Every structure is written in structure tokens, then in C-alpha cells.
*Asks:* 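Starting off with a structure, shown below.
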Amino acid sequence: MKKYISIDIGGTAIKYGIVSEDAEVLLKKEMKTEAQKGGQAILDKVIGIVEALKEEADAGVCISTAGMVDIEKGEIFYSAPLIPNYIGTAFKKTVEERFGIPCEVENDVNCAGLAEYKAGAAAGSKAAVMLTIGTGIGGCILLNGEVFHGFSNSACEVGYMHMDDSDFQTLGAASILTKKVAAWKGEPAENWSGYQIFEEAKKGDKICNRAIDEMTDVLGKGIANICYVVNPEVVILGGGIMAQEEFLKDKIEKAVEKYLVSSMWEHTSIAFAKNQNNAGMLGAFYHFQGRHA
């Protein structure tokens, strides 16, 4: 049985391990990304992971990462300031030259979308959109199970979409919740977390509920705008805050319905990601598989 090293590089943590040819996660570990140390430090961590696992899994190295990825070169061509000097980090070239193992790299939201198509909420769909809502907002378009990359590998960077004199992720990401609630209550932002805000909202806290309602309204408007362009049959929502599916699903559906014409809303469903913790590792494997079919 072929075994693959799969690595999911996020802003906070790197999840990594071994995935079988049948897409079963056989081993999973985690380490801190330490993003502030920059691109070379992350590349060094990846080399260390491959070194440690290469005897157990040598069929390929599959990498999911934050940032915009040139999938042909397997390197980063654009990255937010969260990871300094990440642009130009050449994962594929470095891994293949050093270890002689094939390596493929893909953007983390695209990986999450692929995982949802292969074994999740987008299974069997002809057109789907995946959004991850966390510190920012990332997007992925899936057409007949293939990631639509656009002309220069930058398709569906919806977080930057202009909205209400700002942009989609500044207004709608989970990180805005803590800032709003803290400001409205006159408290330091570190006193609040997303989890606390939802817990207080469920108990009836008016300020927490107002912040959540404003966020879901922004999400509804942004999702509707994306639907007008892509016309997906399903929009899948992922990211940390989406653990609150029970509390949020109805609110988000109503917000999308408010901004989307009825003829489109009737043919669009909102779903929540099924592969939450393993999405990056599995998606990276599926991307590798697709490149080596």
C-alpha cells in the first residue's frame, strides 16, 4: 500500500502525518507554525517532517499551505504579512531535490474544497464554492470536482472583495467579532474570544447577538455576490467559527436569501464543511493524486 506524507501549513499550526492511498489518515501530529519566523523557518520545518517520516511514507509529499500557490512550480507567489518572506518559498523544488520524492503544493482553501468534493458536503456537485471563515476569509471554486485556479492561480480570493467602503474579510471574518464586542462593552479585546461570544449570545447577551447578526449579514451579502458570478449549487462554509453550525446556519441562510434573487436562492444550498480537522491533509493528498493520475 502506498503511503504519503501530508502537511497542512496554517498560520498558527502545522498539521502533518501519513495518508494511505485510500485517503485514510494513518498518523497525525501537530506543531506550532511560528509564522513570525518567516518562510525559510517553515521550509526547514517541512524538511524536518519529511526527514522524520520518509522511511514510513515515500510515495509522495503533499502540502497544503496558506498563501497563493503556483501549483506548477509548487511555490508561494503571494502571501499576507502574517508569514514574512514567504513569497518565493520553493517547497516542491527543495523537497524533490533533497529527498527524491515527488512533491505537490496547493493553497489551503483549495485543499479544503477538494476534500469536501471527494468526501464531504460538495460530493457530486457540478459547481460549488468553499469559503473558510477565520482570521480572514478564503475561497475556492470547484467545477466538476476540479479547482478553478483562474488565469494566474488567483481565482476566488474573495476576502479582498470590496464591500461597504471596506472589504469582505475585514467586515465578515470571525476576528471582527471579538473587536466589536470588546469595543461595544468598553473592554480590552483579549478579554473576549469567539467561543465566549457565542456562549454569551446563546444566553441572550444583546451585544454579542448584535455582533453576530452584523457578521452574518455581511456573510450573506458576500455569499450572494459570489453566487451571482459563479451560480453554485452549494456553498460550503468552513473555518473555526463554523463549529457553531447549529447557531449560525439559519442566520446565514436568511442573510443569503435576503441578498439573492429568489430564482437563484431556490437552487442554492448552504452547507457546513464535513472534514474540519483533516481537510488540509486530505485535500493536499487529493491534489497530489490529481496531479499524478
Side-chain angles (χ1 to χ4, degrees), residues 2-19 23 25 28 30-31 33 35 37-54 57-80 82-118 130 132 138-142 146-157 275 278-293:
K2 289 181 180 176
K3 294 178 184 177
Y4 300 80
I5 298 167
S6 193
I7 304 168
D8 177 20
I9 303 164
T12 308
I14 297 175
K15 300 184 185 83
Y16 66 95
I18 296 172
V19 177
V25 178
K28 186 177 173 188
E30 194 172 303
M31 66 170 69
T33 307
K37 291 186 178 178
Q40 184 59 49
I42 290 173
L43 181 59
D44 290 343
K45 285 178 189 268
V46 166
I47 290 166
I49 289 166
V50 177
E51 187 71 58
L53 298 179
K54 67 181 183 184
D58 62 359
V61 176
C62 323
I63 299 176
S64 159
T65 177
M68 295 187 199
V69 177
D70 181 325
I71 61 167
E72 299 299 327
K73 290 182 178 177
E75 69 177 53
I76 309 295
F77 69 86
Y78 180 81
S79 173
L82 177 69
I83 307 176
N85 307 311
Y86 206 34
I87 296 168
T89 303
F91 290 108
K92 180 178 172 72
K93 183 172 185 284
T94 305
V95 168
E96 290 184 347
E97 286 181 358
R98 180 160 181 153
F99 298 102
I101 301 172
C103 173
E104 300 295 345
V105 190
E106 176 60 290
N107 166 266
D108 53 358
V109 186
N110 290 343
C111 285
L114 268 177
E116 289 303 315
Y117 179 79
K118 294 287 187 179
M130 171 91 197
T132 55
C140 162
I141 297 169
L142 291 152
E146 305 240 332
V147 173
F148 176 70
H149 288 96
F151 173 64
S152 62
N153 286 306
S154 305
C156 213
E157 288 289 339
N275 298 293
N278 291 333
M281 282 177 62
L282 285 174
F285 163 72
Y286 289 129
H287 171 70
F288 183 101
Q289 218 179 25
R291 301 274 299 165
H292 293 263

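As the structure is a computational prediction, the values presented were derived from the model and not from experiment. Note: hydrogens, waters and symmetry copies are ignored here, and every other heavy atom, side chains too, is used.
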*Asks:* Identify the two heavy atoms, one from G113 and one from L142, that lie closest to each other, and give their separation to 0.1 Å.
*Replies:* O-CD1, 3.2 Å
*Asks:* Is the CD atom of E30 crowded by more than 12 outside heavy atoms at less than 6.0 Å?
*Replies:* yes
*Asks:* Look up atom OG1 in T89 and atom CZ in F77, then write down how far apart they are to the nearest 0.5 Å.
*Replies:* 13.0 Å
*Asks:* Any chance you could measure Q40, atom CD, to T94, atom OG1, to the nearest 0.5 Å?
*Replies:* 7.5 Å
*Asks:* Tell me the closest heavy-atom pair linking E75 and G88, and the distance in Å.
*Replies:* OE2-CA, 4.3 Å
*Asks:* Side chains of T65 and Y86: is there a donor and an acceptor less than 3.5 Å apart?
*Replies:* yes
*Asks:* Rounded to the nearest 0.5 Å, how far apart are CD1 of I87 and OG of S79?
*Replies:* 6.0 Å
*Asks:* Measure the spacing between CD of E106 and NE2 of H149 and express it to the nearest 0.5 Å.
*Replies:* 3.5 Å
*Asks:* Are the charged groups of K92 and E104 less than 4.0 angstrom apart, N to O?
*Replies:* yes
*Asks:* Report yes if the side chains of I83 and I42 come closer than 4.5 Å at any heavy-atom pair, otherwise no.
*Replies:* yes
*Asks:* Working to the nearest 0.5 Å, report the span between CG of L282 and NZ of K118.
*Replies:* 12.0 Å
*Asks:* Between V147 and C140, which heavy-atom pair has the shortest distance, and what is it?
*Replies:* CG2-SG, 4.2 Å
*Asks:* Tell me which one of I9, D70, V69 satisfies side-chain contact (heavy atoms from CB on, under 4.5 Å) with I76.
*Replies:* V69
*Asks:* Check whether any side-chain N or O of E116 sits under 3.5 Å from a backbone N or O of N275 as a donor-acceptor pair, and report yes or no.
*Replies:* yes
*Asks:* Just do the side-chain contact (heavy atoms from CB on, under 4.5 Å) check on F99 and I47 with the steps written out, would you?
*Replies:* CA-CA 9 Å; F99 298 102; I47 290 166; 3.9 Å; yes
*Asks:* Can you tell me how far the CD1 atom of I7 sits from the CD1 atom of I63, to the nearest 0.5 Å?
*Replies:* 5.0 Å
*Asks:* Could you check whether any side-chain N or O of T33 sits under 3.5 Å from a backbone N or O of G10, counting only pairs where one atom can act as donor and the other as acceptor?
*Replies:* yes
*Asks:* Where is the tightest heavy-atom contact between K28 and N278, given as atom of each residue plus distance?
*Replies:* NZ-OD1, 2.9 Å
*Asks:* Per the side-chain contact (heavy atoms from CB on, under 4.5 Å) rule, which among M31, K45, M281 passes with Y16?
*Replies:* M31
*Asks:* For A59 and K2, which heavy atoms make the closest approach, and how far apart are they?
*Replies:* CB-CB, 3.9 Å
*Asks:* Going through the distances and angles, do I71 and H287 end up as a side-chain contact (heavy atoms from CB on, under 4.5 Å)?
*Replies:* CA-CA 10 Å; I71 61 167; H287 171 70; 4.1 Å; yes
*Asks:* Can you see which heavy atom on A35 is nearest to which on G11, and at what distance?
*Replies:* CB-O, 3.6 Å
